[in-house]
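One structure is given here, and the rest of the page talks about it.
Keep in mind that the numbers below use all heavy atoms, side chains included, and drop hydrogens, waters and symmetry copies.
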Amino acid sequence: MYTGSRILFPVVIVSLLLCVLLLNAIGVSCARGGKEEASLTLSCGTNGGMDADGRNWDSDSKYLGSGESKTVRATFQDPSLLSQVPYMDARVFTKEFSYKFPITSKKRYWVRFHFYPSTYPGFNISNSYFSVAANDINLLSNFSAAITAQALTQAYIVREYSLAPVDSDSLTITFKPSDKYPGSFAFVNGIELVPTPDLFDSATMVGFSDQSFDASSGNMQTMFRLNVGGNYIPANNDSGGLLRTWYDDVPYLFGAAIGLNAVLSKKIKVDYKDLPDYAAPVDVYRTGRSMGPDKAVNLGYNLTWLFQVDANFTYVMRLHFCEVEFERINQRVFNIYINNQTAQVDPPADIIAWTGDKGVPTYKDYSIYIDDKPGDEQIILAIGPSLDTKPEYFNSILNGLEIFKIDTSKNLAGPNPQVSDMLSKAELTSTKSFSNESSSSTIQVIGGAAGGAAAIGLVAAICIVVYQRKKRVPGTDTHTSSWLPIYGHSQTSGTKSTISGKSNPSSHLSAMAQGLCRRFSLPEIRQATKNFDESYVIGVGGFGKVYKGVLDGKLKVAIKRSNPSSEQGVNEFVTEIEMLSKLRHKHLVSLIGFCEQDEEMCLVYDYMALGTLREHIYNIKKPHLSWKQRLEICIGAARGLHYLHTGAKYTIIHRDVKTTNILLDENWVAKVSDFGLSKTGPNMEHGHVSTVVKGSFGYLDPEYFRRQQLTEKSDIYSFGVVLFEVLCARPALNPSLPKEQVSLADWALSNTRKGTLENIIDPHLKGKIIPECMKKFSDTAEKCLSDNGIDRPSMGDVLWNLEFCLQLEENSSSDGSSSRSSRRGGSDESSEDLSLRNRPQLHISSLSLGSDSDLDEEPEEVDTNNTAIFSQIVNPTGR
Ligand SMILES: *[C@@H]1O[C@H](CO)[C@@H](O)[C@H](O)[C@H]1NC(C)=O
Ligand SMILES: *[C@@H]1O[C@H](CO)[C@@H](O)[C@H](O)[C@H]1NC(C)=O
Ligand SMILES: *[C@@H]1O[C@H](CO)[C@@H](O)[C@H](O)[C@H]1NC(C)=O
Ligand SMILES: *[C@@H]1O[C@H](CO)[C@@H](O)[C@H](O)[C@H]1NC(C)=O
Ligand SMILES: *[C@@H]1O[C@H](CO)[C@@H](O)[C@H](O)[C@H]1NC(C)=O
Ligand SMILES: *[C@@H]1O[C@H](CO)[C@@H](O)[C@H](O)[C@H]1NC(C)=O
Ligand SMILES: *[C@@H]1O[C@H](CO)[C@@H](O)[C@H](O)[C@H]1NC(C)=O
Ligand SMILES: *[C@@H]1O[C@H](CO)[C@@H](O)[C@H](O)[C@H]1NC(C)=O
Ligand SMILES: *[C@@H]1O[C@H](CO)[C@@H](O)[C@H](O)[C@H]1NC(C)=O
């Protein structure tokens, strides 16, 4: 009766919204307040036009200064570009060229550059290296937009600078191609110039707390801008009309203990008091990341973020604070460390002491110089409880963070980031992405979905979340600059106006995800599902119904349609897109695309013809899988998980490994599904922090309960349960059994230790597994279930052991030994399989409903005429 009941579990938040890293360019024109000088929004090399957000871009022709330029049009529109303006057209310079802009003297300006490194006729983008200067300040040098975009896995790049006030009424921006590369040229697609208030003042120097760094006259590059513990905030939702974009902080979190999202109760208004409203938007202050409720746990860790930066620069870090939980002084007092040094010394941070009240925001600036000792090109920010003043709670919180790079001797340029090996490989395998042939095969469609965001294929690289400490030891990274992306795709949605604010997922979706997978129109989806015909329904869950469908005339898909009333669904939706769109692997289910239009939200997946692994193991109306088939499936799933754990630059933890999340395609290839590792919102009504950890009973790592820390070893534990499930053909939990047998993990372990495992294995396997293989397999599964994560093998080890088992099995069968092992469609058992397989089958849903009920037990009366089974992961609630 259980796929494992889903549980709600207020412990720790692990939000895996990924890669919300990209600056975007949307927004209202910022000519706010009438008499304020208007900002310039220029699309270079065109007459201008409107972008997908309805923002108007003007021609740059009025501002051309000296030098020659050409206008060119890209031959390829990346799917992430929802409108042609401003990216499809570029102004190209083969010699030095400058723009001249009128400005108000003694005023600070944002200047933003938009670069779309694509294929321009007559130019080879790989040869483009150039420098950019604003007056005499060097902003970029030897800059390759193509390398940068590839390293950051973005189709385009936005760079933001804050130029210090100058005593002049014009600003000259100069583009100069590098003379070191033959055929080199410079280009730009869009330029924004936005007047701003004086945003900077003095910043406390880390390590010299009695001194301060005067940032007021500095020129800066924005490196990171995060709404800590909150969501992505697009430029048009910024405060003060400054058109800044705020990203989720999750990708920068370091270590397994990542605290909780804390949210100010809706009943309390954020009161800026003396703080100007342009400091940061209300949403930044309303949400924060704090530690858990457990004092002892909190004492044992710091909330830590890690940022890759360029060496030899001073950085100003602006930490935004707003108390959302406590009301009195000395309730929450904490230390702020920057690169192991106490940044906030004497007294330690006590937000109420600074602001006087809950809901009143403030910010603190710190400066730190990063020199170029090897492995030093990073900023580590940590906050943890301070005990000096014996505070009531041991806790810490951060609401927002900005990191600016300050110029040294009129230079802000750093090296190009280095493209990781994995990205290069992915690039090779996706060279098709720039072709504009119409896609006809499934593969091409998926390829096209990944789109010209090119390298994306395997690229989780950058976007990952829960870092594995040992991988991040300073010094193990390459010493070139390889920061996480912040700037990139435009967050756009042509359908915004028709979607009500609350359920508008586009507002939550990182632009990157939108770029990576295909966006379907509602009519396309309607056509695929015969207007959501009930006969196409293959499952129901809290998220909504799952339909099968056929897109593009031949592409079989499973379409998960959200129930618009479910807020849970929105989170799920977003997380799943964010996660899946970036991961592509033979053993991971592919998200093909999504649709969000007119209050409809749908996710479109690859068709998994054979359903879930569980359907083929027990309570089945299907032929039993041979041992070899089971091994092959386990190996496939292990490969998928191994990829999640190690294939990317950082570790991804699946968190819900179980037999219903391992799906099978028509060739029996196992694919791991359901990465909807959701961040479920805190309980706003009560204004307190409650977060939800997902997982399924029977598979949950006991260590995770104890330490509240998630590691990839939690997946190993769950996978151990899966291995026993496959061997013993029974659910992970079965409450109808005698007490000692309820939990498969416990029952299998006790039998393994007593040497009686043979008694509890699937009767269909009895005598069909050669003893060496059996031993290896059960040893492996047993180790996976070790109580302490540290004693569990890695996924790589598990994989190796399973492959070894398979070899043993294969060798013995090729010896003609008695043990039988049926090849796919080979042996008698399989031919029996085949005949049965062609029989109409009942759909068995793999949906879990967040309750104890499990649809698997009762085949639903839907889709009774299909020989194949659609199955799609829906884990609607109960995260
Ligand atoms: C562009 O230049 C790169 C390196 O200079 C070269 O490898 C590539 O073949 C060129 N592409 C075209 C289309 O000429
Ligand atoms: C940093 O500055 C030092 C001394 O000026 C110089 O030797 C070094 O190459 C610089 N490092 C980088 C990454 O620019
Ligand atoms: C928190 O970070 C500081 C600075 O790196 C370190 O001294 C302290 O030991 C850390 N605290 C814990 C509990 O790890
Ligand atoms: C900072 O502290 C961490 C552990 O707390 C240590 O591994 C690292 O080497 C320290 N870094 C510096 C620059 O001292
Ligand atoms: C320019 O950038 C490229 C790519 O990052 C690098 O290989 C090259 O050494 C740089 N050239 C100079 C002159 O800095
Ligand atoms: C892309 O399309 C254009 C016009 O439709 C065509 O001229 C060009 O050959 C195509 N390029 C490729 C690589 O198919
Ligand atoms: C942006 O602001 C609009 C209007 O206030 C709101 O409806 C929308 O939800 C906001 N979007 C985000 C991502 O905050
Ligand atoms: C299986 O047989 C091959 C070839 O005979 C041999 O190389 C391999 O080591 C054997 N594998 C196992 C696990 O015995
Ligand atoms: C199922 O079969 C019925 C009757 O045979 C048919 O009308 C219906 O279209 C079929 N549904 C699907 C999804 O094939």
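Taking Asn801 as the reference, Lys776 meet the side chain to side chain donor-acceptor pair (under 3.5 Å) condition, with sequence neighbours excluded. Residues meeting the side chain to side chain donor-acceptor pair (under 3.5 Å) test with Asp715, sequence neighbours left out: His645. Residues satisfying the ring pair (Phe, Tyr, Trp, His ring centres under 6.0 Å) test with Phe719, not counting sequence neighbours, are none. Taking Lys586 as the reference, nothing meets the side chain to side chain donor-acceptor pair (under 3.5 Å) condition, with sequence neighbours excluded. Applying the side-chain contact (heavy atoms from CB on, under 4.5 Å) test to Pro763 and every residue at least two apart in sequence or in another chain returns nothing. Contacts of Leu799 classified as side-chain contact (heavy atoms from CB on, under 4.5 Å), with partners at least two apart in sequence or in another chain: Ile635, Ala638, Arg639, His642, Glu803. In this view, Glu758 and Ile761, Met774 satisfy the side-chain contact (heavy atoms from CB on, under 4.5 Å) rule, not counting sequence neighbours. Under the side-chain contact (heavy atoms from CB on, under 4.5 Å) criterion, Asp791 pairs with Ser786, Asn788, sequence neighbours left out. Every residue meeting the side chain to side chain donor-acceptor pair (under 3.5 Å) condition with Arg630, not counting sequence neighbours, appears here in chain and number order: Asp762.
Within the 4.5 Å cutoff, side-chain heavy atoms of Val721 are placed close to those of Leu785. Residues Leu664 and Ile633 form a side-chain contact, since some pair of their non-hydrogen atoms from C-beta on lies under 4.5 Å apart.
For residues 729-739, the set of pairs meeting the salt bridge (charged side-chain N to carboxylate O under 4.0 Å, His left out) definition, not counting sequence neighbours, is empty. Applying the salt bridge (charged side-chain N to carboxylate O under 4.0 Å, His left out) rule to pairs touching residues 741-757 yields Arg753-Glu782, sequence neighbours excluded. Residue pairs that meet the ring-ring contact (aromatic ring centres under 6.0 Å, His included) test with at least one member in residues 774-799, sequence neighbours left out, are Trp627-Phe777.
At distances below 3.5 Å, not a single donor-acceptor pair connects side-chain atoms of Lys671 with backbone N or O atoms of Leu588. Panel note: side chain Gln629, backbone Ser626; a donor-acceptor pair is recorded below 3.5 Å. Distance alone, capped at 3.5 Å, is enough to place a donor-acceptor pair between the Ser718 side chain and the Ser714 backbone.
In this structure, His587 and His585 have tilted ring planes: the angle between them lies in the 30° to 60° band.
Between the SG atom in Cys784 and the OH atom in Tyr717 there is a gap of 10.5 Å [rounded to 0.5 Å].
Tyr607 and Glu666 are not linked by any side-chain donor-acceptor pair at a separation below 3.5 angstrom, with hydrogens and angles left out of the test.
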